[in-house]
Each structure stands twice: as C-alpha cells, then as structure tokens.
Amino acid sequence: MSDAMALAICRSVRAERARNGLTQSALAERLGVSQSTIAAMESGTRRVYAHELPDICRALDTTLAGLLHGAPEADLRALGI
C-alpha cells in the first residue's frame, strides 16, 4: 500500500467516525481494539491492514470505495476501483 493511500484511509477513518458521531472509544469498542489503536490509525502512526478493512467499513457504515476516497488515482486503478 502506498504511503498516500495509507494516509487517505487514515483520514477517511477519522472523517467517517466523526460523521457517525462516534468517539474513538466507541469505534474501538465496535472493532474490539483499544482507543489508542484507533488514535494511532487516525494519526497514521499505525497502518490499517487489508484484513481490517471489512470490519472498519461495517463499523463505520461505509463502503470500501467510500473509505478509499482521496486515495491516489493510480492506486485506485491498480485495485480496479
């Protein structure tokens, strides 16, 4: 995953969480992780792994395409999106 795509995902997680009116703690509870894990994801100090994306999308009531909004065009093309 490119750094730019990873950053776009981090920003989207934060934005979708805020749109859903969730605290980091509430999202962490939905995902079964710690609040500090969510904080690290959102700040970009911890990458979001591909196997985590379905659970994150469900927890945030969004699609993968929605979560990838803002990712580099070349990365999206490589994914077939």
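Position 1 is the first residue of the sequence; numbering continues from there.
Between Ala8 and His69, the shortest heavy-atom contact is CB-O, 4.2 Å. For the residue pair Ser12 and Gly66, the shortest heavy atom distance occurs at OG-O, 4.1 Å. The two atoms that bring Met41 and Cys10 nearest to each other are O-SG, 2.8 Å, heavy atoms only. The two residues Ser25 and Gln35 come nearest to each other via the heavy atoms OG-CG, 3.5 Å.
Residues Glu52 and Arg47 are not paired through a salt bridge, judged by the lack of any N-O separation under 4.0 Å between the basic side chain and the carboxylate.
Side-chain atoms of Asn20 come within 3.5 Å of backbone atoms of Glu16 as a donor-acceptor pair (strictly under, hydrogens ignored).
With sequence neighbours excluded, the residues that form a salt bridge (Lys or Arg N to Asp or Glu O under 4.0 Å) with Arg17 are Glu42.
With 3.5 Å as the limit, one finds a donor-acceptor pair spanning the side chains of Ser43 and Thr45.
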Derivation of the side-chain contact (heavy atoms from CB on, under 4.5 Å) call for Val13 and Leu27: CA-CA 10 Å; Val13 168; Leu27 179 57; 4.1 Å; yes

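Considering Thr37, Val33, Ile38 in turn, Thr37 is the only one that fulfils the side chain to side chain contact (heavy atoms under 4.5 Å, CB included) rule with Arg46.
More than 12 heavy atoms of other residues, nucleotides or ligands lie within 6.0 Å of CD in Gln24, so this atom counts as buried by the packing criterion. Within a 6.0 Å sphere centred on CZ of Arg14, heavy atoms belonging to other residues, nucleotides or ligands number more than 12.
By the rule that hydrophobic residues join a cluster once side-chain heavy atoms approach within less than 4.5 Å of another member, Leu60 and Leu31 end up as members of one cluster. By the criterion of side-chain heavy atoms lying less than 4.5 angstrom apart, applied directly or through intervening Ile, Leu, Val, Met, Phe, Trp or Tyr residues, Leu76 is grouped together with Val48 in one hydrophobic cluster.
Remark: Leu68 CG to Leu79 CG distance equals 6.5 Å, nearest 0.5 Å. If you take CG on Leu22 and CZ on Arg30, they are separated by 4.5 Å, rounding to the nearest 0.5 Å.
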